[in-house]
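Accompanying notes for the structure given below.
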Protein chains: 2
Amino acid sequence: MGRTHRNVTIRDVAKAAGVSKSTVSLVLQDSPKVAPKTRERVWAALDKLGYIPNAAARTLAQGRTGVIGLATVNFNQKLTERIYFSGIMGALLEVLAEHKYHMMIYNAAVPLQLAVDGMLFLSVNVDHPLVDQVKRARLPYAFLNRRTTDAETPYVSHDFAAGGRLAAEHFIELGHRHVGVLTWRPGIPPHKERLAGFQGALAEAYGGGATCTVIEATDLMPAAGYKGAMRMLSGPARPTAVFVSNYELLPGLLDCCRDLSLRIPGDLSVICFDDPWAAGAMDPPITVVRPASEEVGRLGAELIVSLVEGRQGRPAQTLISPRLIVRESTRPFDHRQ
Amino acid sequence: MGRTHRNVTIRDVAKAAGVSKSTVSLVLQDSPKVAPKTRERVWAALDKLGYIPNAAARTLAQGRTGVIGLATVNFNQKLTERIYFSGIMGALLEVLAEHKYHMMIYNAAVPLQLAVDGMLFLSVNVDHPLVDQVKRARLPYAFLNRRTTDAETPYVSHDFAAGGRLAAEHFIELGHRHVGVLTWRPGIPPHKERLAGFQGALAEAYGGGATCTVIEATDLMPAAGYKGAMRMLSGPARPTAVFVSNYELLPGLLDCCRDLSLRIPGDLSVICFDDPWAAGAMDPPITVVRPASEEVGRLGAELIVSLVEGRQGRPAQTLISPRLIVRESTRPFDHRQ
DNA sequence: TTGAAAGCGGTACCAT
DNA sequence: ATGGTACCGCTTTCAA
C-alpha cells in the first residue's frame with residue numbers, strides 16, 4: 001500500500017488527450033468555453049488514467065482550501081466523551097457540509113500546519129497562544145463556548161448565566177429557600193457564569209433570606225460527585241434542592257441519595273445543567289437546564305463560513321440561552337417537613 | 001477579518017535577512033548546515049515579520065501532509081451522538097497527536113479533496129464508492145468497525161459475535177432458557193454478528209431446548225424501544241432475560257418494565273450491548289457487554305500511521321473482543337416463578 | 001556555508 | 001476554443 005507509482009497529473013491527461021494543461025483544467029472546472037468534442041476526449045483520458053486532483057497544488061494556486069479548522073487545547077478521550085462535544089460536532093459537520101467545507105481537527109499538541117480557510121476555537125480561552133498564531137496568519141476565526149469582552153471578536157456561546165438563573169428561578173417558584181450547588185472548578189468561565197446566574201437570581205428573590213451551599217467536586221469522576229453530594233447532604237443543614245452544575249456529577253449525587261435514603265423529589269429536588277443521555281429515562285426523570293449545543297454548532301459553522309466568504313450577514317457575537325426542561329425530579333417545597 | 005494583506009513568505013524573510021530562500025528554508029528545518037550567525041539573523045527576520053509557513057506549498061513540495069483523514073458516510077447529529085463515535089474519536093486524536101498527525105474529517109456529502117497521507121473509514125462498507133476514490137489515489141487506508149472477507153484489506157473492528165456470545169453465555173450460566181433479543185436492523189453487519197453470536201451460543205448449550213424471541217425495533221428512538229419491549233414482554237410467553245442489542249433501545253425497555261411493573265432483575269434479567277453513560281448508576285446498575293471503542297481507535301490510529309510511514313510492524317487485521325461487565329440487572333433464573 | 005534554479009501540480013491570464 | 005506561460009510558496013538538488 002505504499003506510494004509506489006507517481007500519481008496521474010493534469011499533464012499526463014493533457015498528453016493523453018492531445019490537448020494542453022489549460023484545457024484539461026477548464027474541463028475539470030466545467031467551463032463552457034471548451035468544445036464538446038474536446039471535452040469528451042479529455043473526459044475519456046481523465047477516466048482512463050484515473051485522474052485524482054492534487055489538493056495541495058490546487059490550494060496553492062487558488063489560495064483556498066475548502067476546509068475549516070476546529071482547534072481545541074486537548075482533544076482526548078475525556079473531551080470527546082463530554083456531552084457538549086458530540087452535540088456541537090454533529091451540527092458543525094452538517095452545516096459545513098452544506099457549504100461544501102470539510103473539517104480539519106487541530107490538536108494543540110501537534111505543531112500546527114495551517115491548511116484551512118478559517119478556524120473555530122472550541123472551548124479555548126481567548127488568550128491562548130494558539131489564537132495568536134491564527135491571528136498572525138490572518139485567518140478568519142471565531143470562538144465557540146467562550147465569550148469575549150470586546151465587541152469585535154466573533155463568538156457563539158451559551159448564556160451560561162441565564163442557565164443558572166433558570167435553575168434558581170425554578171427552585172424559587174417551588175418555594176425552596178435552602179438550596180445547594182454541586183459544581184466543579186468554579187473559576188473557569190462556563191462554570192463561574194452558571195454559578196453567578198444562579199446566585200444572582202437567588203439574591204434578587206430573597207435578598208439575604210436564603211442559604212446556598214456551594215460544594216466543589218475535586219474532579220468529574222463519579223466518586224467525586226458522590227463525595228461532594230455526601231458533604232452537602234449528610235449534615236444537619238441539608239438543602240431541599242440541589243443544582244448540579246455539571247452532568248458528570250449527577251450519577252454520584254443519585255447514588256448518594258440512594259445511600260442516604262433520600263427520595264427525589266420527595267426529600268430533595270434536583271436540577272441538572274446539561275441534558276445527559278437518558279436523563280429523561282432515569283428514575284425519576286431528571287429536570288434539566290439544557291444548553292443548545294447543536295444550535296451553537298450550527299451558528300458557529302454559519303458564522304465562520306460567512307467570515308471566510310466575506311459576507312457580513314450574521315451577527316458576530318451570539319449568546320444562546322439554555323432551556324429549562326421540567327421533568328420529575330423537582331417539586332414544591334413541603335413546609336410540613 | 002478578510003484576507004487583505006498578502007501573507008509573509010519565505011521570500012520576504014530572505015530579503016529581510018539578506019540571504020536566499022534556500023537558507024531560510026534550511027533554518028526553518030533546523031539544519032546544522034547554517035552558520036550560527038546567519039541562523040540568528042534569519043530567526044530575527046522570521047520573528048519580526050511574523051512568518052507563518054504555507055502548508056499547501058510545503059505539502060506540494062514534500063509530497064506529504066501530516067494529516068490522516070477520517071471518512072464516514074454520514075457525519076451528522078445522530079452519528080456524533082452515538083456512543084461509539086466519541087470513544088473512537090478521542091483515542092484516534094490522542095494517538096495521532098503522539099505521532100504528530102492532525103486529522104481531517106471527510107464528509108461523503110462534500111466532493112472530496114484528498115489532502116491527507118492516509119485514510120480511515122469509520123463504519124463505511126467496503127464496497128462504498130468513497131473507497132474506490134481513495135484506492136485510485138493510491139492512499140493507504142484502513143477500515144474501522146468493519147471487517148472484510150479478504151486477507152489483505154487492513155481493518156480494526158470489534159468481535160461483535162463474541163460480544164453476543166458473552167451475553168448468551170451469561171444468561172445460560174444463570175439458568176435462563178427463555179430469552180429475548182431486542183435489536184435493530186439485524187441485517188447490517190455489526191447487529192447481524194451480535195445476534196448470530198448470541199443465538200449460536202444458545203444453540204450450542206441447549207440445542208433446540210430454548211426459546212429466543214427476536215424483536216426488531218423500527219428505529220432507535222426511545223419510543224421504538226418501548227414499543228419493541230412491550231411486544232416482547234406483554235405476552236404470555238414472556239422471556240426471563242433480554243439482551244438489548246443496542247444501547248439506544250435501553251431506556252425504552254426500562255420504561256416499559258416500569259409500566260408493566262416488572263422488576264429488574266427480579267422478574268427480568270437485562271444485558272445491554274454497549275456501556276452507555278451512567279449505565280452503572282442506573283437503578284439497578286445495568287450489566288453490559290462493553291465494546292472497547294477506545295482500543296479500536298488506538299489500534300486504528302497506530303495501524304494507519306504504520307501504513308503511511310511504510311513500517312510493516314503491526315497486524316493489518318485486528319478484531320477486539322468486548323468485555324462482559326456484570327452489574328445488578330442480571331440474576332439466576334428462579335424456578336419457583 | 002550559501003545561492004541559483006528546477007520542480008511539485010495546479011490555475012488563470014493573455015495571445016492566438 | 002485552445003495553447004503558452006507565469007505564477008502560487010516551499011523543498012531540494014547541485015554548484016560555487
Side-chain angles (χ1 to χ4, degrees), chain A residues 3 5-43 45-46 49-66 111 113-117 136-139, chain B residues 3 5-43 45-46 49-66 111 113-117 136-139:
Chain A
R3 295 286 251 319
H5 317 306
R6 224 185 82 273
N7 271 326
V8 178
T9 77
I10 204 175
R11 192 191 201 92
D12 302 324
V13 176
K15 204 174 308 172
V19 298
S20 74
K21 289 200 320 177
S22 343
T23 307
V24 178
S25 180
L26 288 177
V27 170
L28 286 173
Q29 297 162 65
D30 267 328
S31 162
K33 317 200 301 185
V34 182
K37 295 190 319 186
T38 318
R39 181 195 310 271
E40 272 179 32
R41 244 183 324 141
V42 172
W43 268 115
L46 244 18
L49 299 182
Y51 171 79
I52 301 269
N54 177 315
R58 178 172 292 174
T59 292
L60 185 57
Q62 298 191 140
R64 86 177 285 279
T65 62
Q113 295 247 3
L114 256 15
V116 293
D117 297 331
R136 288 220 317 266
R138 298 209 181 78
L139 283 177
Chain B
R3 297 285 250 321
H5 316 306
R6 223 184 84 275
N7 271 327
V8 179
T9 76
I10 205 175
R11 191 192 202 90
D12 302 324
V13 177
K15 204 173 306 169
V19 296
S20 75
K21 292 200 318 178
S22 343
T23 305
V24 177
S25 180
L26 288 177
V27 169
L28 285 172
Q29 298 163 66
D30 266 329
S31 161
K33 316 201 298 186
V34 182
K37 294 191 318 187
T38 319
R39 181 195 311 271
E40 272 179 33
R41 244 186 322 145
V42 173
W43 268 115
L46 244 19
L49 299 182
Y51 171 79
I52 300 269
N54 177 314
R58 177 171 291 176
T59 292
L60 185 56
Q62 297 191 138
R64 85 177 283 280
T65 62
Q113 294 248 1
L114 255 13
V116 293
D117 296 330
R136 286 218 320 263
R138 296 209 182 77
L139 282 178

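In what follows, chains are A, B, ... by sequence order, proteins preceding strands, each numbered from 1. The analysis underlying the following values was restricted to heavy atoms, covering all of them including side chains, and did not include hydrogens, waters or symmetry mates.
Per the geometry, CZ belonging to B/R41 stands 14 Å off P belonging to C/dT1, to the nearest Å. In this structure, A/K33 places its NZ atom 10 Å from P of C/dA12, rounding to the nearest Å. Rounded to whole Å, the distance from CD on B/E40 to P on C/dT1 is 15 Å. For the pair B/R64 CZ and D/dC10 P, the interatomic distance rounds to 17 Å; values are reported in whole Å.
In terms of heavy atoms, B/L60 sits closest to A/A57 at CD1-CB, 3.8 Å. Residues A/V8 and A/L49 come closest through the heavy atom pair CG2-O, 3.2 Å.
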Protein-nucleotides 8-11 of chain C N/O pairs under 3.5 Å:
{"from": "C/dG9", "atom 1": "N2", "to": "A/A57", "atom 2": "O", "distance (Å)": "3.3"}
{"from": "C/dG10", "atom 1": "OP1", "to": "A/Y51", "atom 2": "OH", "distance (Å)": "3.1"}
{"from": "C/dG10", "atom 1": "OP1", "to": "A/N54", "atom 2": "N", "distance (Å)": "3.3"}
{"from": "C/dG10", "atom 1": "OP2", "to": "A/I10", "atom 2": "N", "distance (Å)": "2.8"}
{"from": "C/dG10", "atom 1": "O5'", "to": "A/Y51", "atom 2": "OH", "distance (Å)": "2.8"}
{"from": "C/dG10", "atom 1": "N7", "to": "A/K21", "atom 2": "NZ", "distance (Å)": "3.1"}
{"from": "C/dG10", "atom 1": "O6", "to": "A/K21", "atom 2": "NZ", "distance (Å)": "2.9"}
{"from": "C/dT11", "atom 1": "OP1", "to": "A/R58", "atom 2": "NE", "distance (Å)": "3.0"}
{"from": "C/dT11", "atom 1": "OP2", "to": "A/S25", "atom 2": "OG", "distance (Å)": "2.7"}

Can you give the donor-acceptor pairs under 3.5 Å from side chains of residues 28-36 of chain B to other protein atoms, not counting sequence neighbours?
{"from": "B/Q29", "atom 1": "NE2", "to": "B/S25", "atom 2": "O", "distance (Å)": "3.0"}
{"from": "B/Q29", "atom 1": "NE2", "to": "B/S25", "atom 2": "OG", "distance (Å)": "2.9"}
{"from": "B/S31", "atom 1": "OG", "to": "B/K33", "atom 2": "N", "distance (Å)": "3.1"}

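Contact between the side-chain N/O atoms of A/S20 and the OP1/OP2 oxygens of D/dG4 is not found at any separation under 4.0 Å.
Within the 4.5 Å cutoff, side-chain heavy atoms of B/V24 are placed close to those of B/L46. Within the 4.5 Å cutoff, the side chain of A/L139 has heavy atoms near those of the A/V116 side chain.
At a threshold of 4.0 angstrom between heavy atoms, the contacts of A/T38 are confined to the sugar-phosphate backbone, with no base atom among them.
Looking at B/V27, B/T23, B/V19 one by one, the single match for side chain to side chain contact (heavy atoms under 4.5 Å, CB included) with B/R41 turns out to be B/V19.
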